[in-house]
*Asks:* 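Sharing a structure, written as structure tokens. Questions coming.
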Amino acid sequence: MNTINKVNTEELNKIMAKYDYQKSYLIAILQEVQSIYRYLPEEAMIYIGTKMEGLSPATVLGVATFYAQFSLDPKGKYEIRCCDGTACHVRGSMPVLNAIRARLDLKDGKFTTDNGLFSLETVSCLGACGLAPVVMINDKVYPQMTSDAIKVVLDTILQEENK
């Protein structure tokens, strides 16, 4: 396996070849890379920027930082999005957020657990204001969350992971 640090360049070459190394497919290429690594490693962006004609590493980084769907930091297997928009905030999203942080031991500005299982972010809206407060884990929506309810959800996931 040909690697640059933790990045498999053979895999990156396959992804780029799938799109004929066309810079117009950069977003699709970055999406595939992120689906493999759960974030966009700097080494991957540099490699892509040097291998694709008409691109530079700076251009790749610019695209990766412009779109909110991309992450430059490693994400957990379970991406938790806790809404802190107006409806969720008024209905108690802060205690839910604090319960998540406490249960996952996310202190001092940490957003991903040490074991890489969970990542936490706050979002302004999940589009489910009538179900506030709302938490989304990966693609599943958890409506009308409470501090106790989110602990049960997280404990259930942890039990499944430990089987």
Side-chain angles (χ1 to χ4, degrees), residues 1 3-12 14-15 18 26-48 60-61 63-163:
M1 173 171 62
T3 62
I4 300 174
N5 292 336
K6 298 177 263 179
V7 175
N8 181 334
T9 56
E10 290 175 17
E11 186 139 44
L12 294 177
K14 286 179 189 175
I15 293 169
K18 178 178 169 182
L26 179 59
I27 291 173
I29 291 167
L30 293 177
Q31 287 171 328
E32 286 199 38
V33 171
Q34 183 165 279
S35 73
I36 293 167
Y37 295 99
R38 296 197 305 243
Y39 78 112
L40 293 175
E42 180 179 1
E43 298 86 1
M45 291 185 291
I46 291 169
Y47 188 78
I48 291 166
V60 176
L61 179 63
V63 171
T65 57
F66 179 79
Y67 292 100
Q69 68 181 315
F70 296 122
S71 176
L72 304 184
D73 298 313
K75 297 268 185 157
K77 178 179 178 181
Y78 297 95
E79 293 182 45
I80 303 170
R81 292 177 181 87
C82 185
C83 182
D84 68 353
T86 303
C88 288
H89 180 78
V90 169
R91 292 185 180 158
S93 65
M94 289 310 295
V96 173
L97 181 61
N98 291 335
I100 296 168
R101 285 188 178 130
R103 178 64 186 93
L104 300 178
D105 196 31
L106 292 172
K107 299 175 186 166
D108 302 322
K110 282 179 49 181
F111 299 99
T112 301
T113 57
D114 290 338
N115 64 3
L117 197 56
F118 294 96
S119 292
L120 173 64
E121 68 178 301
T122 57
V123 294
S124 297
C125 186
L126 288 171
C129 299
L131 303 174
V134 176
V135 172
M136 181 181 279
I137 302 177
N138 293 348
D139 293 328
K140 186 172 180 183
V141 174
Y142 294 88
Q144 301 172 333
M145 279 288 98
T146 64
S147 299
D148 291 336
I150 195 62
K151 289 176 193 172
V152 170
V153 170
L154 295 173
D155 287 343
T156 301
I157 293 170
L158 286 166
Q159 287 172 359
E160 288 297 315
E161 284 294 321
N162 290 325
K163 284 186 177 179

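None of the values given here were measured: they were computed from a predicted structure. The first residue in the sequence is number 1, and the count goes up from there.
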*Asks:* Looking at every non-hydrogen atom in both residues, tell me the closest pair between V63 and F70 and how far apart they are.
*Replies:*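 Closest approach of V63 to F70, heavy atoms only: O-CD1, 4.1 Å.
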*Asks:* What pairs meet the ring pair (Phe, Tyr, Trp, His ring centres under 6.0 Å) rule with one or both residues in residues 95-145, with sequence neighbours excluded?
*Replies:*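 Output for this query lists Y78-F118.
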*Asks:* Looking at M145 and A149, what are the two nearest heavy atoms and their distance?
*Replies:* CE-CB, 3.9 Å
*Asks:* Distance from L117 atom CG to L158 atom CG, nearest 0.5 Å?
*Replies:*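 It comes to 6.5 Å.
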*Asks:* Show, in sequence, the C-alpha distance, side-chain angles and deciding distance for T122 and L97, and conclude whether the side chain to side chain contact (heavy atoms under 4.5 Å, CB included) test is met.
*Replies:* CA-CA 8 Å; T122 57; L97 181 61; 3.5 Å; yes
*Asks:* If you look at every heavy atom in Y39 and L72, which pair is closest and at what distance?
*Replies:*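 Y39 and L72 have their closest heavy atoms at CD1-O, 3.4 Å.
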*Asks:* Run the side chain to side chain contact (heavy atoms under 4.5 Å, CB included) check on R103 and I150 step by step: do they pass?
*Replies:* CA-CA 9 Å; R103 178 64 186 93; I150 195 62; over 6 Å; no
*Asks:* Counting neighbours of CG on D139 that are heavy atoms of other residues, nucleotides or ligands and sit closer than 6.0 Å, is the number greater than 12?
*Replies:* no
*Asks:* With a 6.0 Å cut-off (strictly less than), is the heavy-atom count around CD of E42, excluding the residue itself, greater than 12?
*Replies:*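 No, not enclosed.
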*Asks:* Determine the minimum heavy-atom distance between M136 and N138, stating which atoms define it.
*Replies:*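 Taking every non-hydrogen atom into account, CG-O, 3.2 Å.
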*Asks:* Using the side chain to side chain contact (heavy atoms under 4.5 Å, CB included) rule, take D148 and V152 through it: C-alpha gap first, then chi angles, then the decisive distance, then the call.
*Replies:* CA-CA 7 Å; D148 291 336; V152 170; 5.8 Å; no
*Asks:* Once you round to the nearest 0.5 Å, how far does CD1 of I100 lie from CG of L104?
*Replies:*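 The distance works out to 7.5 Å.
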*Asks:* Locate the shortest heavy-atom distance separating G127 from C125; write the atom from each residue and the value.
*Replies:* N-SG, 3.2 Å
*Asks:* Do Q34 side-chain atoms and Q69 backbone N/O form a donor-acceptor pair below 3.5 Å?
*Replies:*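 Answer holds: yes.
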*Asks:* Start with the C-alpha distance between T113 and D105, add both sets of side-chain angles, then the distance that settles side chain to side chain contact (heavy atoms under 4.5 Å, CB included), and finish with yes or no.
*Replies:* CA-CA 7 Å; T113 57; D105 196 31; over 6 Å; no
*Asks:* Can you tell me how far CD of Q31 sits from CG of L40, rounded to the nearest 0.5 angstrom?
*Replies:*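 Reported value, rounded in 0.5 Å steps: 10.0 Å.
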*Asks:* Mind checking the CD1-CZ spacing from I80 to R101? Nearest 0.5 Å is all I need.
*Replies:*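 Answer rounded to 0.5 Å: 11.0 Å.
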*Asks:* Counting only heavy atoms from other residues, nucleotides and ligands, does the tally under 6.0 Å from NZ of K14 exceed 12?
*Replies:* no
*Asks:* Within the 4.5 Å heavy-atom criterion, are S93 and C83 side-chain neighbours or not?
*Replies:*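 The answer is no; the side chains never approach within 4.5 Å.
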*Asks:* So does K75 pair up with E121, basic N to acidic O under 4.0 Å?
*Replies:*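 Looking at K75 and E121, the cut-off is met.
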*Asks:* Is the shortest distance from a Lys or Arg side-chain nitrogen in K163 or E160 to a carboxylate oxygen in the other one below 4.0 Å?
*Replies:* yes
*Asks:* Ignoring hydrogens, what is the shortest heavy-atom contact between V7 and A44? Give both atom names and the distance.
*Replies:*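 The answer is CG2-N, 3.8 Å.
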*Asks:* Could you tell me if the side chain of I36 sits less than 4.5 Å from the side chain of I15, heavy atoms only?
*Replies:*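 Answer yes - side chains close enough.
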*Asks:* Any donor and acceptor pair, going by atom type alone, linking the side chain of T9 with main-chain N or O of Y47 inside 3.5 Å?
*Replies:* no
*Asks:* To the nearest 0.5 Å, tell me how far M94 CE sits from C88 SG.
*Replies:* 12.0 Å
*Asks:* So, does R91 use its side chain to make a donor-acceptor pair with the main chain of P133 at under 3.5 Å?
*Replies:*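 It does not hold such a pair.
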*Asks:* Given V60, which partner from the list I29, V33, I48 fulfils the side-chain contact (heavy atoms from CB on, under 4.5 Å) test?
*Replies:* I48
*Asks:* In Å and rounded to the nearest 0.5 Å, what is the CG to CZ distance from L126 to R81?
*Replies:*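 That separation rounds to 8.0 Å.
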